[in-house]
Amino acid sequence: MTDPTDSTGPTTDTDSSDTTTSNDDSDGQPRDPTLHRPDGGAVLENDRDAELDRGPFQQWVSDSISHPERVYRAMFYVAAIFFLFTTLFPFYWLLMVALTPEGQLQDIVFTPNGFNPGAFVEVFQVIPFHIYMFNSFVIALASTVVVLVIASLAGYAFGRLEFPGRTPLMLLVLVISFFPPAAFFIPLNDLFNTSFAILRPITGDGTLYNTPFALVTPLSAIFMPLAIFILTTFYSQIPDGLEDAARVEGTTRLGALFRVIIPLSAPGVATAGVLTFIAVYNEFFFSFLMTDGQPENWAPILDGILAYQGQYQVLYNLMAAASILGVIPVAILVVIAQEKIVSGLTAGALKE
């Protein structure tokens, strides 16, 4: 029989149970003895108490580490809202100015002071603004074609051929792109205002001033290095086996370039073309100095916008309306080209 006064058996079990209970938290999980308050105070009872004890900044840091995708999403939204605001607000303000009747522009806040949509028709009645837009479109298109043709040949040579001095020549092309365009104006202006007998059947007076060549030539040279760099990068990534297969079928190197390399590098070609077109379309320096500002002399769109400035009056509402109309063709081109670039980049990678 067991002595009732003997407490060795049951007491030991009870003490063990009490000890286990004392080392467990209210949820039945072992308590971590290393959890301390940040100020060095008493041991915290469980992880939940530790989380509650954190400050707002510490809690935000902990949540960011635990869920980084939330941080990335929040950063994307903040950046998108910032760029949308800084990009779209100027166009919104142009629209408000364009819709406000002349003489009431001083009272604009965030809505137009009045409503005058006829300004978008009046811009073509005051001056032949459509001719200025046509001039800019033709000059930008011609410069883009020249740049893409020459840059494709140069990009093929730099990206797919091995020849002595390739790297120094590529560096020289990139260095030229860093020269300011104003450095070339004085010699080009002197050259384009010189009469050449060979040009008289084409230009009449034998000079290139007030002709599209005075704009296409320098603008193509200015934006050529960027296009060469972009196309060299894309052409060098095409597997050699694809070009070799075309060469075996009997095509020449030029045939392989225009039939194989360029189609496979459509994203790069589209990027170089769109950047060149937009830059030439918006160019002002050479456009203002190489023409006399008359629409019949190939003056571009910026000369047309400045034509609404008179000696005694400035038609700000018409200038704003003309600026919006001038942006529309470029916006349409960017939307179309963006879809082509994205589809080309996501079509799949080339593997040899």
Side-chain angles (χ1 to χ4, degrees), residues 131-158 169-232 254 257-258 262 268-306 326 329-330 333 337:
I131 299 180
Y132 287 100
M133 293 183 62
F134 176 79
N135 294 342
S136 290
F137 187 84
V138 171
I139 293 171
L141 183 62
S143 301
T144 301
V145 172
V146 172
V147 167
L148 289 182
V149 171
I150 300 178
S152 294
L153 299 176
Y156 179 84
F158 284 119
L169 284 177
M170 187 64 187
L171 293 177
L172 179 62
V173 170
L174 295 178
V175 167
I176 293 176
S177 65
F178 291 104
F179 282 87
F184 305 103
F185 170 71
I186 294 179
L188 288 178
N189 187 54
D190 182 67
L191 176 65
F192 292 158
N193 280 280
T194 302
S195 180
F196 296 96
I198 193 175
L199 296 176
R200 289 178 182 174
I202 303 175
T203 62
D205 59 354
T207 66
L208 292 178
Y209 186 76
N210 282 334
T211 65
F213 300 101
L215 300 176
V216 173
T217 303
L219 295 179
S220 299
I222 290 173
F223 300 107
M224 186 76 68
L226 177 61
I228 292 176
F229 177 76
I230 293 175
L231 295 182
T232 298
L254 287 178
L257 171 63
F258 290 100
I262 291 180
V269 176
T271 302
V274 170
L275 292 179
T276 302
F277 185 92
I278 294 176
V280 176
Y281 189 86
N282 295 326
E283 203 277 333
F284 175 74
F285 182 76
F286 281 95
S287 302
F288 183 75
L289 298 176
M290 292 298 185
T291 64
D292 59 2
Q294 299 302 316
E296 62 273 9
N297 292 330
W298 295 94
I301 190 172
L302 291 176
D303 284 315
I305 296 176
L306 294 177
V330 178
L333 175 64

Let me see the working for Ile262 and Leu148 under side-chain contact (heavy atoms from CB on, under 4.5 Å), right down to the final yes or no. CA-CA 10 Å; Ile262 291 180; Leu148 289 182; over 6 Å; no

Could you go through Leu199 and Thr211, starting from their C-alpha distance and side-chain angles, then the distance that decides it, and tell me whether this counts as side-chain contact (heavy atoms from CB on, under 4.5 Å)? CA-CA 11 Å; Leu199 296 176; Thr211 65; over 6 Å; no

Yes or no on side-chain contact (heavy atoms from CB on, under 4.5 Å) for Phe223 and Thr144, after CA distance, side-chain angles and deciding distance? CA-CA 9 Å; Phe223 300 107; Thr144 301; over 6 Å; no

Derivation of the side-chain contact (heavy atoms from CB on, under 4.5 Å) call for Leu191 and Phe196: CA-CA 10 Å; Leu191 176 65; Phe196 296 96; 3.8 Å; yes

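The main-chain N or O of Asp205 is found under 3.5 Å from a side-chain atom of Ser195 such that the two form a donor-acceptor pair. Between the side chain of Asn135 and the backbone N or O of Ile131 there is at least one donor-acceptor pair closer than 3.5 Å. Distance alone, capped at 3.5 Å, places no donor-acceptor pair between the Ser136 side chain and the Met133 backbone.
The line from OG1 of Thr276 to CG of Leu226 is 6.5 Å long, rounded to the nearest 0.5 Å. In this structure, CD1 on Ile228 lies 7.0 Å from CE on Met170, to the nearest 0.5 angstrom. Going from atom CD1 of Ile150 over to atom CG of Leu231 covers 12.0 Å, rounded to the nearest 0.5 Å. In this structure, CG on Asn193 lies 11.0 Å from CG on Leu188, to the nearest 0.5 angstrom. Rounding to the nearest 0.5 angstrom, the gap separating the CG atom in Leu215 from the OH atom in Tyr209 is 10.0 Å. One distance of note links CD1 of Ile301 with CG of Asn282; it measures 8.5 Å at 0.5 Å rounding.
Using a 4.5 Å cut-off on side-chain heavy atoms (C-beta onward), Phe158 and Leu169 make contact. Between Val280 and Ile139 there is a side-chain heavy-atom pair separated by less than 4.5 Å. Two residues are said to be in side-chain contact when any heavy atoms from C-beta on lie closer than 4.5 Å; Asp303 and Thr291 meet this criterion. Proximity of Val138 to Trp298: side-chain heavy atoms (C-beta onward) are separated by under 4.5 Å at one or more points.
Considering Tyr281, Tyr132, Phe277 as possible partners of Phe137, the one that fulfils the ring-ring contact (aromatic ring centres under 6.0 Å, His included) test is Phe277.
Nearest approach of Pro181 to Ile222, heavy atoms of both residues: CB-CD1, 3.8 Å. Minimum heavy-atom separation, Pro201 to Ala197: CD-O, 3.7 Å. The two atoms that bring Glu283 and Leu219 nearest to each other are CG-CD2, 3.5 Å, heavy atoms only.
Annotation for Phe284: atom CZ counts as buried by contact number, over 12 foreign heavy atoms lying within 6.0 Å. Within a 6.0 Å sphere centred on CZ of Phe213, other residues, nucleotides and ligands contribute 12 heavy atoms or fewer. For Phe285, the CZ atom counts as densely surrounded, since its 6.0 Å shell holds more than 12 non-hydrogen atoms of other residues, nucleotides or ligands. Around the CD1 atom of Ile198, the shell of radius 6.0 Å holds no more than 12 heavy atoms that belong to other residues, nucleotides or ligands.
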